[in-house]
Amino acid sequence: MLTINLIREKKDFVIERLKLKNFNAEIIVEKILELDSSRREIQSKANQLESEMNKISKEIGNLMKNGMKEEAENAKGKTYSLKEEIKTLLDKLEPIENELKSEIVKLPNMPHESVAPGIGADDNVKVKEGGIIPELKDNALAHWDLIKKYNIIDFDLGTKLTGAGFPVYIGKGARLERSLISFFLDEGVKAGYTEVMPPIMVNEDSGFGTGQLPDKEGQMYHVGLDNYYLIPTAEVPVTNIYRDVILNSDDLPLKNIAYTPCFRREAGSWGAHVRGLNRLHQFDKVEIVQIAHPDNSYKSLEEMVAHVESLIIKLELPYRILRLCGGDMSFTSSLTYDFEVWSAAQKRWLEVSSVSNFESFQSNRLKCRFKEKGEKQTKLVHSLNGSALALPRIVAAILENNQTENGIRIPSALIPYTGFEIIN
RNA sequence: GGAGAGAUGGGUGAGUGGCUUAAACCAGCAGUUUGCUAAACUGCCGUAUGGGUAACUGUACCGGGGGUUCGAAUCCCCCUCUCUCCGCCA
């Protein structure tokens, strides 16, 4: 959510920046400014009347105390019309405030100045490419065949237990999954992140705090009886730790890492390109979150990108890093780097991480602020997050890229965790 | 799930309709004085929002939402959460 002050003070700048996201903000911005000025006008009037009302009430109290009943009754008489006027104004104010809020949340975040123009994925800027793309034999199998061959992940069994997109990991498959989670968490802790293990269901306030609610309600599983939502990413509970909080500038940046299962309904996004592990309703992910000082948030972003890159290098996967163009960026992001790994048997890049700086867009919604040492004024923090990493596509790439005649080779960094060197 | 008791600022905690501009203490910040792992004293010490270049000032907020009243932290209704006891339970 952009701040109303910014829209008020730099209207043209906001409209100009949002064009980069192919978003025409002009009409909404005009409406916001109109609502904002009538809101302020009404509030100003109402506050004046309330002030008068408070004065009279206090007088009545004093008159009653001195036994001046008649004068008190007279004063009471004056309040009735005032009260009526105040009520009329406040009744007008409420819908204006609600509409103002619902208009502001329609505006996406402004892209950072380094963001390139573009419409979609084809316009993303390749920042870096690394690793070695393996040469597989002609009879190489895709991961959905490999998991059957070695009996390590069972989709049909998951369908029996729950439904499509809820796989069951078995034997070395389960161990590989657990190993990756531990590896990612350990690496994050080494890099200075504090591990947290949050609830995987959240309430409505948290859903609103990170922007899943009210708009993306259909993307989350809802536990109706208690009105909780299964989290689509650890970003939701972890970032909401800092909802309604005022931090000290000395404490920044705060760095958290969390493993959680993630639940996504993925309504309407199924198709041939999402076979196997490419898209699931439940999957495992380790997420990193930083709460940063506005002056340093892009330093934090670079640091997070370097961290994610180091994980992929340790897993010996061929990868590329993309800086998303305006048209491919999410609604909430100011700057996003996507990480993709090469899936040799599918012969395509798979997105395994998305690292973003949201600047103050999330923190404005969350009301996460900080104070500079010795200063009274509160300012919004910058929030950032990224996957480090999402497991299913990493598993898919390891299985496909590392297949040999003797079985699937485990990257050496993982062997201390798996306890085996090959899946056969 | 049943019964009872609660929810007040960063913390402890007073406040049962107007004397509250939310006391007092602790913590924190600034200063003065003494002089040295510190104490005493004085002042400051919430958030949001409106007006104002600013100093300053209006309004709202005592778990959340409604209501009664000229006036609500205080009375009434609904909700949430916490504690105690009982029940159930990994």
Side-chain angles (χ1 to χ4, degrees), chain A residues 1-9 32-105 197-209 213-214 223-229 237 240-252 254 360 363-381:
Chain A
M1 183 162 90
L2 295 176
T3 63
I4 183 74
N5 283 341
L6 181 77
I7 300 169
R8 205 187 288 148
E9 283 158 24
I32 287 169
L33 293 177
E34 210 173 286
L35 287 164
D36 180 53
S37 83
S38 57
R39 178 191 123 248
R40 284 188 294 165
E41 193 185 322
I42 293 169
Q43 189 184 325
S44 208
K45 263 188 219 160
N47 284 173
Q48 267 174 38
L49 297 178
E50 282 171 326
S51 171
E52 211 171 309
M53 186 81 168
N54 286 342
K55 258 183 222 149
I56 296 173
S57 292
K58 208 162 285 180
E59 274 167 32
I60 292 173
N62 285 327
L63 293 169
M64 298 285 265
K65 197 167 55 185
N66 298 325
M68 300 163 82
K69 281 233 163 106
E70 208 173 303
E71 286 84 344
E73 283 306 318
N74 278 341
K76 264 192 207 181
K78 283 194 282 184
T79 64
Y80 297 127
S81 62
L82 256 181
K83 206 180 172 183
E84 211 41 50
E85 269 182 86
I86 291 170
K87 193 176 177 322
T88 311
L89 286 173
L90 293 183
D91 284 349
K92 245 163 81 182
L93 192 61
E94 203 194 339
I96 288 174
E97 279 178 339
N98 289 339
E99 206 185 340
L100 183 58
K101 197 171 179 185
S102 74
E103 289 300 318
I104 288 180
V105 299
M197 198 179 250
I200 58 174
M201 287 198 267
V202 293
N203 59 26
E204 273 185 321
D205 285 347
S206 296
F208 183 82
L213 295 175
V223 182
L225 202 57
D226 292 298
N227 199 23
Y228 294 150
Y229 293 86
N240 270 282
I241 291 173
Y242 305 101
R243 167 157 52 88
D244 273 318
V245 166
I246 299 173
L247 300 158
N248 295 320
S249 57
D250 290 351
D251 299 332
L252 303 176
L254 289 161
S360 62
S363 55
N364 187 33
R365 214 175 229 259
L366 285 164
K367 296 210 167 41
C368 178
R369 295 145 293 171
F370 76 100
K371 281 185 189 177
E372 299 284 6
K373 202 167 187 175
E375 281 184 24
K376 277 183 102 171
Q377 190 199 353
T378 62
K379 294 184 219 161
L380 293 168
V381 300

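Letters A, B, ... are given to chains in the order of the sequence lines, protein chains preceding strands, and every chain is numbered from 1. Values below: all heavy atoms of this structure, side chains included; hydrogens, waters and symmetry mates excluded.
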Euclidean distance, atom [atom1] of residue [X] to atom [atom2] of [N] [Å, nearest integer]:
| X | N | atom1 | atom2 | answer |
| --- | --- | --- | --- | --- |
| A/L49 | B/A60 | CG | P | 12 Å |
| A/E50 | B/A48 | CD | P | 19 Å |
| A/L90 | B/G66 | CG | P | 12 Å |
| A/K58 | B/C19 | NZ | C1' | 12 Å |
| A/L93 | B/G58 | CG | P | 20 Å |
| A/Q48 | B/A60 | CD | P | 13 Å |
| A/E41 | B/U49 | CD | C1' | 16 Å |
| A/L89 | B/A60 | CG | P | 14 Å |

Is it true that atom [atom1] of [X] has more than 12 heavy atoms of other residues, nucleotides or ligands lying nearer than 6.0 Å?
| X | atom1 | answer |
| --- | --- | --- |
| A/Y229 | OH | yes |
| A/E372 | CD | yes |
| A/K379 | NZ | yes |

Item checked: Heavy-atom donor-acceptor pair, A/S363 side chain to A/V381 backbone, under 3.5 Å -> yes
Next item on the list: Using atom types as modelled and distance alone, determine if a side-chain donor or acceptor of A/N203 lies under 3.5 Å from a backbone N or O of A/D205.
Entry: yes
What interatomic distance, in whole Å, is found between [atom1] of [M] and the corresponding atom of [N]?
| N | M | atom1 | value |
| --- | --- | --- | --- |
| B/G17 | B/G71 | C1' | 8 Å |
| B/U57 | B/U74 | P | 28 Å |
| B/A73 | B/A60 | C1' | 14 Å |
| B/G15 | B/G63 | P | 15 Å |
| B/C75 | B/G18 | P | 11 Å |
| B/C62 | B/G10 | C1' | 16 Å |
| B/A3 | B/C78 | P | 14 Å |
| B/G2 | B/C70 | P | 39 Å |

Notebook entry, point to check: Which is it for A/I7 and A/L33 under the side-chain contact (heavy atoms from CB on, under 4.5 Å) test, yes or no, and what are the steps along the way?
Noted result: CA-CA 8 Å; A/I7 300 169; A/L33 293 177; 4.1 Å; yes
Among [options], which is the nearest nucleotide to the side chain of [X]?
| X | options | result |
| --- | --- | --- |
| A/R8 | B/U21, B/G71, B/G50 | B/G50 |
| A/M64 | B/G50, B/C70, B/U59 | B/C70 |
| A/K83 | B/G46, B/G51, B/C70 | B/C70 |
| A/R40 | B/U47, B/G71, B/G51 | B/G51 |

Quick one: label [X] by what it contacts on the DNA or RNA (base, sugar-phosphate, nothing), any heavy atom closer than 4.0 Å.
| X | value |
| --- | --- |
| A/T79 | sugar-phosphate |
| A/I60 | base |
| A/L82 | nothing |

Checklist line | CA sep, side-chain torsions, deciding dist, call: A/E103, A/D36, side-chain contact (heavy atoms from CB on, under 4.5 Å) | finding: CA-CA 11 Å; A/E103 289 300 318; A/D36 180 53; over 6 Å; no
Look at [X] and [N] and indicate whether a side-chain polar atom (N or O) is within less than 4.0 Å of OP1 or OP2.
| X | N | value |
| --- | --- | --- |
| A/N54 | B/U59 | yes |
| A/R39 | B/U49 | no |
| A/K371 | B/U47 | yes |

Check: Which residue, A/S44 or A/S51, contacts RNA chain B at a nucleotide closer to its 5' end, judged by nearest heavy atom?
Finding: A/S44
Item checked: Comparing A/A46 and A/N62 on RNA chain B - which has the more 5′ nearest nucleotide -> A/N62
Considering Watson-Crick and G-U wobble pairs with both distances under 3.5 Å, what does [N] pair with?
| N | value |
| --- | --- |
| B/U49 | B/G58 |
| B/G71 | none |
| B/U80 | B/A7 |
| B/G1 | B/C86 |
| B/C41 | B/G31 |
| B/U21 | none |

Checklist line | A/N47 side chain to A/S44 side chain, donor-acceptor N/O pair below 3.5 angstrom | finding: no
